[in-house]
Structure formats: structure tokens, C-alpha cells
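Heavy atoms only: backbone and side chains are in, while hydrogens, waters and symmetry mates are out.
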Amino acid sequence: MRIAVTIFLTDETITPTRLARELEDRGFAGLYLPEHTHIPVERTTPYPAGGDLPPEYGRTLDPFVALGQAAAVTERLGLGTGITLVAQHDPIALAKQIATLDHLSGGRFTLGLGFGWNVEEAADHGVRWSARRELVRDRMALMRALWSEQPVAHEGEFCGVRASHAYPKPVQKPRGPVVGPRTLVGGAAGPKLFTHISEYADGWLPIGGRGLGEALPVLRTVWADAGRDPRALQIVPYAVHPSPGKLAHYADLGIEEVVAQLPPAGEAEVLKALDGLAALL
């Protein structure tokens with residue numbers, strides 16, 4: 001079982017370079033970083049976990065800049081987003097950011113993407129909330145066009161791009177309908193999510209990892225019905241607090257990687273948490 005980590009890196013936490021070096025030296029599989037551009041003070045959207053929104057949400061480092069630092073000081077460590085809020089990006093610029101990071105890291109990038117939960121944050125980016133899933137689908141299609149080996153145009157409901165020269169390309173070659181880096185979609189189980197995964201991703205990034213025993217057979221059916229190779233589906237439980245029993249359960253489900261949650265803290269506390277996880281490696 002590969003164990004990666006996720007953390008809210010902020011201006012008050014351990015630095016990306018220090019954490020990345022420690023992770024690689026200790027044998028962890030990867031570092032995944034979340035994204036929030038800003039948190040509006042006047043907010044009506046409830047925090048999904050309940051209670052007050054933790055302060056680190058409004059202090060989060062840009063994941064691509066932070067992962068670029070992590071890539072520069074490591075050689076093997078996987079680098080990922082958990083999650084990129086695709087609806088809040090210009091897709092042409094985002095395609096360039098992703099391809100550049102993947103190229104410079106030697107193909108180590110995983111694009112974990114999702115649809116968001118903070119209505120006010122998305123609204124400031126001009127996102128119509130009810131259409132965000134289809135907006136993400138359209139923008140992913142545009143990015144696949146730019147990542148294709150030959151110039152390909154895309155004209156969708158929300159965005160378009162002319163057939164273009166766009167380099168660098170992501171390192172990983174196309175596989176089935178998927179073009180670009182390893183791509184995982186986050187979100188709660190359901191038919192819409194599973195359709196998205198089967199259409200343009202390599203697998204699912206389920207937050208917390210609960211209920212997988214019931215959800216996975218449904219996803220595998222949707223995946224197979226889409227003509228995807230059953231052996232290619234990747235499930236990566238995200239932001240979990242692993243234990244030997246939990247890891248054994250995941251292994252029984254055919255899962256090969258989990259992403260453990262680290263505290264959004266300074267160097268001493270984060271390294272202590274890594275020491276606790278090390279026994280599971």
C-alpha cells in the first residue's frame with residue numbers, strides 16, 4: 001500500500017520544500033495539496049464538515065507554485081492536487097500550468113480535480129453554481145485538446161480553443177479516452193460523478209474513504225459500461241486517518257494508494273505526525 005499525504009500548506013505552516021524532502025526521505029508516496037483562491041467573509045455556504053470554517057482555508061498556498069517548489073527538491077515523490085477547482089480557472093492557462101509541472105517533474109503530477117463546495121468563492125470567479133459540473137467537463141475537454149499530440153480544436157458549451165501548438169505536453173501518453181497527467185475526480189458517490197470519472201479520468205478520489213464497499217461495485221459497472229478497462233480503474237481514498245485495519249480493508253477492495261491527512265501546522269508538529277504514520281509504511 002502506497003501512503004501519500006495531504007496538508008493545508010499556508011504562510012504559517014511547514015514549508016513545501018522542507019515537507020517534500022522529509023516525505024521523500026521517509027519513503028512516502030506523494031504530496032497532494034488543496035486549493036482555495038480566497039474565502040469571502042460574507043459566506044452563507046456551510047462548512048461541509050460542520051461548525052466554523054478552519055482558518056487555514058483562507059490562508060492556503062497556491063498548489064501549483066508550492067508543488068513546483070516540492071518538485072525542485074525531490075526526485076521520486078509524487079505530486080498532486082486535492083483538489084484543483086477547475087471551474088475557477090481559465091482552462092487554457094491551467095492546461096499550461098499542469099503540463100509544465102508534469103514535464104518539469106518528470107511525469108510525477110496527479111491532477112486531482114473537483115467541483116467545489118463554496119458557492120461564494122465560485123461566484124466571484126463567475127461560476128454559475130448549477131452548471132459547474134458541466135463547466136468542468138467542458139474545460140477538461142478543452143485541456144485534453146491542448147494536451148493532444150496533434151493540434152486539435154475544441155468548441156463546447158462554455159469554452160473553446162482553436163487547433164493550437166501547445167507545449168510542453170504531459171509526460172503520460174493517452175490511455176483510452178484520457179489525455180494528460182494521471183487524473184482523479186473527487187466528490188461524493190453518485191451517477192453524475194461516476195459518469196465524469198468514466199468519461200475523462202483514471203479514477204476516483206473519495207474524500208474520507210467511507211462507504212467504498214457499497215459504492216465501488218456501482219462505479220465499476222459504470223466504468224465497464226463506458227468501455228473502460230476494469231484493471232485500469234484507480235481508487236485513492238483521500239484525507240484519511242489510516243490504521244492497520246483500515247489499510248487492510250482498502251487492500252481487500254483492490255486499493256493500492258491512500259492519502260493521509262496531516263495537520264496544518266508548523267514543522268515540529270508535522271514531523272511528529274509523519275513519525276506516527278511511518279509505522280504504516
Side-chain angles (χ1 to χ4, degrees), residues 1-39 43 45-71 73-74 76-85 108-110 112-114 116-118 121 184 186-188 205-210 212 236-247 249-250 255 257-281:
M1 181 73 66
R2 302 191 306 276
I3 299 179
V5 302
T6 183
I7 181 174
F8 277 86
L9 287 180
T10 77
D11 56 322
E12 298 179 326
T13 67
I14 189 172
T15 66
T17 52
R18 180 77 167 107
L19 177 57
R21 287 191 180 104
E22 289 288 338
L23 290 170
E24 184 158 276
D25 288 347
R26 294 163 185 252
F28 285 90
L31 171 63
Y32 291 74
L33 298 181
E35 175 182 46
H36 284 284
T37 54
H38 66 300
I39 300 294
R43 188 172 54 82
T45 308
Y47 176 42
D52 294 333
L53 185 68
E56 60 265 22
Y57 278 74
R59 307 189 76 105
T60 307
L61 299 183
D62 179 278
F64 292 98
V65 175
L67 289 170
Q69 282 201 335
V73 298
T74 56
R76 302 175 305 280
L77 187 72
L79 310 161
T81 52
I83 58 175
T84 295
L85 296 166
R108 289 187 276 151
F109 181 64
T110 293
L113 68 98
W117 61 267
N118 191 327
E121 178 184 356
L184 304 172
L205 198 67
I207 309 298
R210 297 185 183 88
L212 291 178
V236 182
Y238 188 80
V240 303
H241 297 281
S243 65
K246 191 175 291 186
L247 294 179
H249 172 62
Y250 291 152
I255 290 169
E257 179 185 357
V258 300
V259 182
Q261 181 71 61
L262 291 176
E267 184 173 309
E269 186 175 344
V270 170
L271 296 185
K272 182 178 179 181
L274 289 183
D275 290 338
L277 289 171
L280 300 174
L281 292 174

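Leu31 has its side chain within reach of Val5: a pair of non-hydrogen atoms, C-beta onward, lies under 4.5 Å apart. Between Pro242 and Leu277, some side-chain heavy-atom pair lies under the 4.5 Å cut-off. Contact annotation: the side chain of Asn118 approaches that of Ile39 to within less than 4.5 Å [non-hydrogen atoms, C-beta and beyond]. Annotation: side chain of Leu85 is in contact with side chain of His36 (closest heavy-atom distance under 4.5 Å). Within the 4.5 Å cutoff, no side-chain heavy atoms of Leu67 are placed close to those of Pro16.
Atom CZ of Arg59 sits about 10.0 Å away from atom OG1 of Thr13, to the nearest 0.5 Å. Rounded to the nearest 0.5 angstrom, Leu19 CG and Glu24 CD are separated by 11.5 Å. We find the CZ-CG distance between Arg26 and Leu271 to be 5.5 Å, quoted to the nearest 0.5 Å. Here the CZ-CG distance, from Arg43 to Leu53, works out to 4.5 Å after rounding to the nearest 0.5 Å. Of the inter-residue distances, the one linking Leu77 atom CG with Phe28 atom CZ reads 10.5 Å to the nearest 0.5 angstrom. Between Leu9 atom CG and Gln69 atom CD the span is 10.0 Å, to the nearest 0.5 Å.
Pairing each heavy atom of Pro237 with each of Leu212, the nearest pair is CG-CD1, 3.9 Å. Contact between Leu274 and Glu22 at its shortest, heavy atoms only, is CD1-CB, 4.2 Å. Across all their heavy atoms, Ala273 and Pro263 have their closest contact at CB-CD, 3.8 Å. Minimum interatomic distance between Gly208 and Val240 (heavy atoms only, all atoms of both residues): O-CG1, 3.5 Å. Of all the heavy atoms in Ile83 and Gly116, the pair that sits closest is CD1-N, 4.5 Å.
Taking a 6.0 Å sphere around CG of Asp52, one finds it holds 12 or fewer heavy atoms contributed by other residues, nucleotides or ligands.
For Thr6, the side chain to side chain donor-acceptor pair (under 3.5 Å) partners at least two apart in sequence or on another chain are Tyr238. Under the rule for a side chain to side chain donor-acceptor pair (under 3.5 Å), the partners of Thr74 that lie at least two apart in sequence or sit in another chain are Arg108.
Between the side chain of Thr81 and the backbone N or O of Gly112 there is at least one donor-acceptor pair closer than 3.5 Å. A donor-acceptor pair is defined here as one N or O able to donate and one able to accept, closer than 3.5 Å; such a pair exists between the side chain of Thr10 and the backbone of Glu12. For Glu35 (side chain) and Pro63 (main-chain N/O), no donor-acceptor pair under 3.5 Å exists by modelled atom type.
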Task: Steps toward side chain to side chain contact (heavy atoms under 4.5 Å, CB included) verdict (Leu247, Ile3) - done: CA-CA 10 Å; Leu247 294 179; Ile3 299 179; 4.1 Å; yes

Task: Candidate pair Leu33 and Thr60, rule side chain to side chain contact (heavy atoms under 4.5 Å, CB included), full reasoning - done: CA-CA 9 Å; Leu33 298 181; Thr60 307; over 6 Å; no

- [ ] Start with the C-alpha distance between Leu262 and Ile14, add both sets of side-chain angles, then the distance that settles side chain to side chain contact (heavy atoms under 4.5 Å, CB included), and finish with yes or no.
- [x] CA-CA 11 Å; Leu262 291 176; Ile14 189 172; over 6 Å; no

Task: Test side chain to side chain contact (heavy atoms under 4.5 Å, CB included) applied to Val236 and Thr110, step by step - done: CA-CA 11 Å; Val236 182; Thr110 293; over 6 Å; no

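Ring geometry for Tyr57 versus Phe8: interplanar angle of 30 to 60°, hence tilted.
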